[in-house]
K.L.:
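Sharing a structure here in structure tokens format.
Since the structure is predicted, the reported quantities are computational estimates derived from the model, not experimental observations. Both ligands and their constituent atoms are indexed starting at 1 by order of listing.
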Amino acid sequence: MSDVNRISRLGMVNAYLVSEDDGLTLIDTMIGGSAGKIIAGVKTSGAPIVRILLTHAHGDHVGSLDALKETLPEAEVIISTRDARLLAKDMSLDPDEPKDKLRGGYPGAETKPDRTVDPGERIGSLDVIAASGHTPGHVALLDRRDRTLYCGDVYSTLRGVATSATVYPRCPLALFTWHRPTELESARALRALEPARLAPGHGKVVESPLEAMERAIARGA
Ligand SMILES: [Zn+2]
């Protein structure tokens, strides 16, 4: 059984609390105005948020970062090295990156990350997994203890399991994807990790998601 601790606004936009020995890791901060809901979610779990870990710099994931950091000044804010630039509103692309337009909202934040990470690093029980495509520096987080995959926007489960490489009716996530071929490669790489459950930025948590992930990849290919 999943003991994934999801905080959600109407099932549409999610954040997650991951228990570690030293407290809680908050994955993503949802849209602006969500800090109160997140803090209320923490109260029931009884441990403090010691770090705030961002999958990517889109506004519906970093929207409540500043408000949370004000309430929780001790919490360590962590984002990938690449998306830290987008959080600082530096919209430049690297010479080796596709020259596609950066899509979706990048509102930035006053808060500066305390730490930047790269794929291959580990944060508590979470492995940082390369998942570029939706944004240049998007990362996913795999919990080594139970193989829960916090996939950010590589997959959504709003209208069934879907990648953000393909536009589906009523699941417009791909409209905000920077480079769809790279995103589809990341979707494949995440499937290869054989997660036990998928905990996305948008939609419900899905148990035993491998076949649904494969179908989503096939639709996008
Ligand atoms: Zn996004």
Side-chain angles (χ1 to χ4, degrees), residues 6-16 26-34 38 52-66 68 77-91 93 97-98 100-109 111 113 116-117 119 128-142 149-190 198-206 213 216-217 220:
R6 181 180 76 143
I7 301 167
S8 184
R9 294 185 72 148
L10 304 174
M12 301 287 284
V13 185
N14 304 326
Y16 295 93
L26 173 69
I27 298 178
D28 287 339
T29 70
M30 309 202 279
I31 53 177
S34 304
I38 291 170
I52 299 170
L53 177 52
L54 302 164
T55 59
H56 64 295
H58 272 153
D60 50 342
H61 297 256
V62 307
S64 290
L65 176 61
D66 287 339
L68 281 167
V77 174
I78 308 169
I79 190 169
S80 75
T81 307
R82 179 64 186 89
D83 267 27
R85 276 167 44 198
L86 296 163
L87 190 66
K89 294 196 71 75
D90 168 2
M91 305 298 280
L93 292 168
E97 287 175 341
D100 293 55
K101 191 169 150 10
L102 289 162
R103 299 182 181 90
Y106 292 94
T111 304
T116 57
V117 289
V128 179
I129 310 291
S132 178
H134 182 66
T135 67
H138 191 298
V139 293
L141 291 319
L142 181 68
L149 180 65
Y150 299 93
C151 66
D153 286 359
V154 178
Y155 290 87
S156 101
T157 65
L158 275 179
R159 303 284 300 172
V161 176
T163 74
S164 65
T166 308
V167 181
Y168 299 94
R170 300 176 70 181
C171 180
L173 213 55
L175 296 177
F176 313 120
T177 290
W178 164 60
H179 193 248
R180 291 176 188 176
T182 306
E183 150 58 25
L184 193 60
E185 278 311 303
S186 291
R188 284 198 180 95
L190 296 193
L198 197 59
H202 307 279
K204 63 180 185 180
V205 175
V206 172
M213 292 169 86
I217 291 165

K.L.:
For Tyr155, is there any backbone N or O sitting under 3.5 Å from a side-chain donor or acceptor partner on Thr163?
P.N.:
no

K.L.:
Residues two or more places apart in sequence or in another chain: which of them pass side chain to side chain donor-acceptor pair (under 3.5 Å) with Arg82?
P.N.:
Glu97

K.L.:
Would you tell me whether His58 and His134 have side-chain atoms, one donor and one acceptor, within less than 3.5 Å of each other?
P.N.:
yes

K.L.:
With 2.8 Å as the limit, jot down which protein N, O or S atoms are around the Zn ion (ligand 1).
P.N.:
His56 NE2, His58 ND1, His134 NE2, Asp153 OD2

K.L.:
I'd like to know if Arg180 pairs up with Glu183 as an ion pair, taking the criterion as any Lys NZ or Arg NE/NH1/NH2 lying under 4.0 Å from an Asp or Glu carboxylate oxygen.
P.N.:
no

K.L.:
Among residues at least two apart in sequence or on other chains, which ones pass side chain to side chain donor-acceptor pair (under 3.5 Å) with Thr55?
P.N.:
Asp28

K.L.:
Could you work out, with side chain to side chain donor-acceptor pair (under 3.5 Å) as the rule, every residue matching Asp60, not counting sequence neighbours?
P.N.:
His202

